[in-house]
Amino acid sequence: MVTKAPPRPAPLHRALRLAVAGGVAAASLMAVPQTAQASAAADGKEGSGTTLTVAVSQSVDSLSPFLAQKLVSTSIHRLAYEYLTNFDPKDARTVPGLATAWRSSPDKLTWTYTIRKDSKWSDGQQATAEDAAWTFRKMMTDPNAATANGSFTANFKKVSAPDPQTLVIELKKPQATMTALDVPIVPKHVWEKVSDFSKFNNDKQFPIVGNGPFVITDFKVDQYIKLKPNKGFWRGAPKFDELVFKYYKDGDAAVAALQKGEVSFVPNLTPAQAAALKSQPDIKVNDAPGRRFFALATNPGARARDGKAFGNGNKALLDPEVRKALFLAVDRATLVDKVFQGHAVEGEGYIPPRFGSYFWQPDAGQRRGYDPAKAGQVLDAAGYRQNGEGKRVGKDGKPLDFRILCHATDPNDKAVGKYLQEWWGKLGIGLKVECLDSVSDPWVKGDYDLAFDGWSVNPDPDYVLSIHTCGALPATPKDSGATDNFICDPRFDALYAQQAVEYDAAKRSALVKQMQSRLYDTGYMNVLAYPNALEAYRTDQIRSITTMPEAAGNLWGQDGYWSWWSAVPAAQASDGTSGSSSTGVIVGIGAAVVLVVGLGIFLGLRRRSTSDDRE
Amino acid sequence: MTSASTPASVARTEPVRAAEGGAPRSAAALAYLRHAAGKVAGAAVSLLAVLVTSFFLFRIIPGDPVKAMTHGLPTSAEQLATLRHQFGLDQPLLQQFADYCAKALSGDLGTSFQFRAPVGELIAQKLPATLLLTGTAVVLYSALGLWLGTRSAWRHGSLGDRLNTGVALTLWSVPSFWLGLLLIIVFSVGMGPIPGLFPTGGMESGTGETGFGYALDVAHHMVLPVLTLVAVGYAQTLLVMRSSLLDEMGGDYLTTARAKGLRDDAVRRRHAVPNALLPTVTMVFINLGHVVAGSILVETVFSWPGLGGLFYQALSVPDLPLVQGLFVVFAGAMIVMNLIADLLYPLLDPRVGR
């Protein structure tokens with residue numbers, strides 16, 4: 001047992017206490033000059049220039065256009081390099097880029113592009129057809145250079161540049177994407193010095209030579225990417241003096257930075273964040289039609305090109321009547337309202353409405369709207385009767401119990417899963433929602449019954465359609481193909497082959513609509529919604545900016561450089577007075593605290609030395 | 001206070017200093033060397049085991065790395081095959097393992113799937129940021145915990161003690177990302193009369209400052225994340241220090257010291273605290289081992305460009321070489337820190353290693 005008198009507060013304690021308090025105060029003091037600086041930057045007044053700051057969260061995988069695959073990297077390459085063609089912000093039709101004109105031979109196997117004369121590399125050299133030819137040839141001959149965009153050149157036979165303004169591409173077979181080659185063209189005189197394309201990340205020497213609207217001037221991994229306007233850009237230089245992509249790994253922190261004015265733009269908001277920002281002054285929330293679809297995929301019996309079946313998908317889903325009944329029991333209106341909180345459009349066709357020329361809707365006879373009663377009748381008629389416990393029982397006597405693969409990282413998947421459990425439960429069908437961090441493994445193996453699926457669609461829909469062709473199936477069960485959902489339907493394939501070689505826009509769009517109709521009828525894929533793109537920007541930093549589509553579109557991840565190229569800085573009227581007035585107060589408080597702390601430490605040390613003497 | 005609550009490992013019958021002397025100096029040195037050699041050999045074996053297990057452990061993670069890497073982008077089957085070949089994924093597992101071991105022993109941890117850069121380089125790039133942030137935090141919260149723990153124990157049962165431990169335990173149970181977000185909202189965006197003093201994230205403003213200006217800028221960015229880590233971390237040190245000091249307080253040597261007429265303050269500082277330090281030192285070293293791994297959540301909330309974020313990205317692909325490399329480095333740091341603690345013990349307490 002220890003007994004002792006409570007000690008007197010020792011002088012050292014007091015000193016320590018003051019020191020800790022002082023530390024905090026000193027930190028605030030330190031904050032002062034930086035705060036002033038930060039708000040100046042936020043007001044676009046840092047130095048003499050204006051800065052547009054965009055919050056991003058995805059890490060850059062590579063700054064080499066031959067390797068980069070993540071959206072943040074490819075978006076930056078869109079700004080730094082000119083592509084052969086671009087997409088009009090109004091309606092996404094093809095418009096000139098590095099090429100001013102293009103034509104194909106009657107057999108559609110030879111394409112000739114006219115390269116513009118007024119595009120210069122940022123180091124002053126002229127951009128020519130030879131740069132484009134070299135870029136494509138590199139991708140055709142070096143597999144390491146084909147990592148990112150190799151699918152565009154896989155069908156190229158020969159590429160040549162007979163003169164600086166003419167590029168000729170010969171194809172093995174016709175290819176519909178020849179006016180949508182999303183390949184950054186690089187300067188040959190810089191890149192021909194690179195020896196190993198699999199390792200060169202293009203992130204050591206700045207500025208990076210390019211011919212897009214911006215020049216990449218600085219990059220710090222997971223901190224920022226800085227770009228300056230290319231003053232000699234043929235379409236005209238961007239208006240902001242600097243464009244910075246700044247890292248915010250956490251969405252809420254990014255929203256806080258927007259509220260503070262540290263960033264000008266934040267993409268990918270949640271409905272809750274958008275609702276919170278809507279009432280804020282100087283912030284505009286852009287609720288734009290998205291380019292994604294959100295769908296339910298059913299396992300159509302996973303198989304390989306060699307004909308071997310694999311996976312453990314539920315056989316009952318091979319019955320079209322079961323799929324029909326399941327989708328009749330899905331209330332899309334409720335999902336849009338409750339899960340997406342209104343920030344989505346009910347889905348039907350495969351391609352979202354923003355791509356007007358390809359958008360398709362089923363007609364009244366074809367449509368499978370919400371009709372749970374009819375769903376029950378369909379199941380009854382198909383022989384799936386309810387047993388005594390209310391469970392639907394298949395022809396083999398087994399109850400209908402399905403699994404659905406869900407992305408653990410996507411709250412929408414979980415929420416929709418709950419609704420499906422309820423709706424299908426009423427039909428007598430069981431559903432187990434299996435949420436995984438990475439769903440690709442069971443998916444590739446075909447070990448699923450249903451899955452939440454979704455793709456971002458390009459202005460040219462070739463790719464998202466190609467992933468449902470038989471050719472995309474894996475070669476053997478051991479391989480993994482490019483297929484999304486193991487769909488292999490000869491009628492779909494025939495239409496796909498037709499559209500791939502159809503250069504008449506109207507005829508091609510008709511064929512693409514027929515493909516969607518066929519996909520809808522087979523019922524292996526069921527599009528539930530087209531989620532909106534939710535994003536917000538500061539109106540006191542950006543006066544105007546071009547959305548894509550121009551009427552009501554999005555800003556982040558556009559097909560083209562329109563948003564950041566077109567952004568006009570707000571008038572520099574907001575002079576950040578609020579910042580400077582509080583700065584004055586803080587300076588005062590900080591100085592006072594430092595004084596007190598200094599005094600405290602001095603007194604503490606003095607007392608301590610005398611107390612040592614006393615011992 | 002009796003010693004009933006004493007953890008067995010901490011129980012000591014006599015103060016450390018009283019145990020000094022005794023055996024001849026050379027014999028003691030020999031014993032220490034033997035102790036040290038054993039510990040170093042043990043650490044080396046552990047490191048080797050980490051190297052081996054890291055390879056197989058992460059092969060269990062489900063997911064086709066190449067497929068996951070390119071998900072969402074047009075990729076042909078040929079491209080996938082090329083990627084597989086590039087990363088050696090088309091080789092038999094044992095062949096991959098042999099390659100991995102041979103390379104790892106020569107210091108090459110492989111090439112990251114997603115960043116196309118050597119793993120060692122990626123880790124070296126991010127390590128300083130993590131060391132700076134978590135290192136500062138560990139030093140601060142260890143010091144704060146030691147100081148408050150000592151105070152609490154010395155005046156155990158008082159209002160101050162109860163308040164102290166109460167606050168520490170509350171903060172300890174607060175999720176760090178939540179506290180971080182609160183701090184951002186209050187001290188970064190600003191709330192009511194509180195102005196937004198600190199940046200919302202990152203490690204620097206990127207204004208191109210150098211030298212002292214840059215150091216100030218980084219320090220400014222560090223305030224909130226360090227504060228978060230300290231707030232949720234100091235309780236641990238506090239509690240260990242408090243309980244081990246409470247055990248010492250029953251010691252007769254303290255009564256003797258008091259009987260000599262020493263001031264209470266001196267008794268605590270010069271006699272009780274040094275003897276109570278051993279368990280706390282162990283914990284500080286364990287925490288120092290954690291410094292390398294950083295704090296994924298706090299690094300994420302404050303967008304700190306450190307290893308925690310890198311580990312998260314590596315796992316989500318899964319980027320096998322990067323995950324393996326990070327695992328080896330994290331585990332290695334723990335092993336080395338444990339080794340240092342083991343080597344230090346006999347110096348702090350001569351009874352250890354005998």
Side-chain angles (χ1 to χ4, degrees), chain A residues 1-2 4 6-7 10 16 27-28 30-31 34-35 37-38 41 46 59 61-62 67 69 143-144 146-147 150-151 154 198-199 201 220-224 226 244 246-250 252-253 256-257 259-260 262 437-438 440-442 444 455-456 463 475 479-482 582 586 611 614-615, chain B residues 1-2 62-64 67-80 82-83 86 114-117 125 147 154-155 158 181 184-185 188-189 195-207 216-217 219-220 223 249-250 262-266 300-303 305 309 313 316 318:
Chain A
M1 198 58 123
V2 175
K4 63 179 186 60
L16 266 174
S28 347
M30 246 160 35
Q34 313 293 325
T35 309
Q37 191 180 40
E46 203 237 312
S59 289
D61 48 352
S62 176
L67 298 177
Q69 301 190 317
N144 292 327
T147 306
S151 64
S198 74
K199 294 208 172 76
N201 279 318
K220 255 196 181 169
V221 181
D222 286 357
Q223 294 196 59
Y224 55 74
K226 290 187 176 179
V244 179
K246 201 168 172 217
Y247 275 89
Y248 285 90
K249 299 262 168 188
D250 180 87
D252 290 320
Q259 286 173 318
K260 194 184 175 187
E262 266 183 31
D437 281 328
S438 168
S440 64
D441 196 45
V444 169
W455 286 93
S456 222
Y463 178 70
D479 297 303
S480 58
S582 61
I586 301 159
S611 79
R614 282 201 301 268
E615 278 170 13
Chain B
M1 177 75 193
T2 64
D64 175 349
K67 188 80 183 164
M69 224 168 83
T70 54
H71 197 76
L73 280 147
T75 328
S76 68
E78 291 75 29
Q79 280 172 273
L80 290 176
T82 310
L83 282 176
Q86 263 179 25
Q114 53 180 331
F115 298 109
R116 311 303 175 109
Q125 207 171 45
W147 175 50
W154 208 248
R155 287 191 263 170
S158 68
L181 271 178
I184 288 179
I185 291 167
S188 191
V189 180
L197 287 175
F198 300 100
T200 44
M203 186 171 155
E204 54 174 281
S205 312
T207 44
L216 263 183
D217 185 33
H220 184 214
V223 174
M249 282 165 62
L262 285 187
R263 275 189 57 239
D264 193 60
D265 192 31
T300 304
V301 172
F302 290 99
S303 311
Q313 283 174 44
S316 56

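Letters A, B, ... mirror the listed sequences (proteins, then strands); counts begin at 1.
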### Closest heavy-atom pair and its distance - A:Tyr248, B:Gly201
CE2-N, 4.1 Å
#### Entry: Distance, nearest 0.5 Å, that separates CD of A:Gln259 from CD1 of B:Ile185
7.5 Å
### Task
Would you mind checking which part of A:Asn201 comes under 4.5 Å of any heavy atom in chain B, side chain (CB onward), backbone (N, CA, C, O), both or neither?
side chain
### Query
At what distance, to the nearest 0.5 angstrom, does OG of B:Ser205 lie from OH of A:Tyr224?
10.0 Å
### Task
Heavy-atom pairs under 4.5 Å with chain A are the metric here; pick the option from B:Gly202, B:Ser188, B:Ala117 that has the most.
B:Ser188
## Note on the structure
Under 4.5 Å to a heavy atom of chain B? For A:Ala257 that would be both
### Query
By a 4.5 Å heavy-atom criterion (distance strictly below it), what part of A:Ser198 contacts chain B: side chain, backbone, both, or neither?
both
### Query
With A:Ser59, which residues qualify under side-chain hydrogen bond (donor to acceptor under 3.5 Å, both in side chains), at least two apart?
A:Asp222, A:Lys249, B:Gln313
### Query
What residues, two or more places apart in sequence or in another chain, satisfy side-chain hydrogen bond (donor to acceptor under 3.5 Å, both in side chains) together with B:Glu204?
A:Lys220, B:Tyr214
### Query
Based on non-hydrogen pairs under 4.5 Å, which of B:Gly206, B:Gly309, B:Ser158 is most in contact with chain A?
B:Gly206
### Message
I'd like to know if the side chain of A:Lys260 reaches the main chain of B:Phe198, judged simply by a donor and an acceptor atom lying under 3.5 Å from each other, with no hydrogens or angles considered.
### Response
yes
### Query
What heavy-atom pair brings A:Ala256 and B:Thr200 nearest, and what distance separates the two atoms?
C-CG2, 4.0 Å
### Message
Using side-chain heavy atoms (C-beta onward) and a distance below 4.5 Å, is A:Asp250 in contact with B:Leu181?
### Response
yes
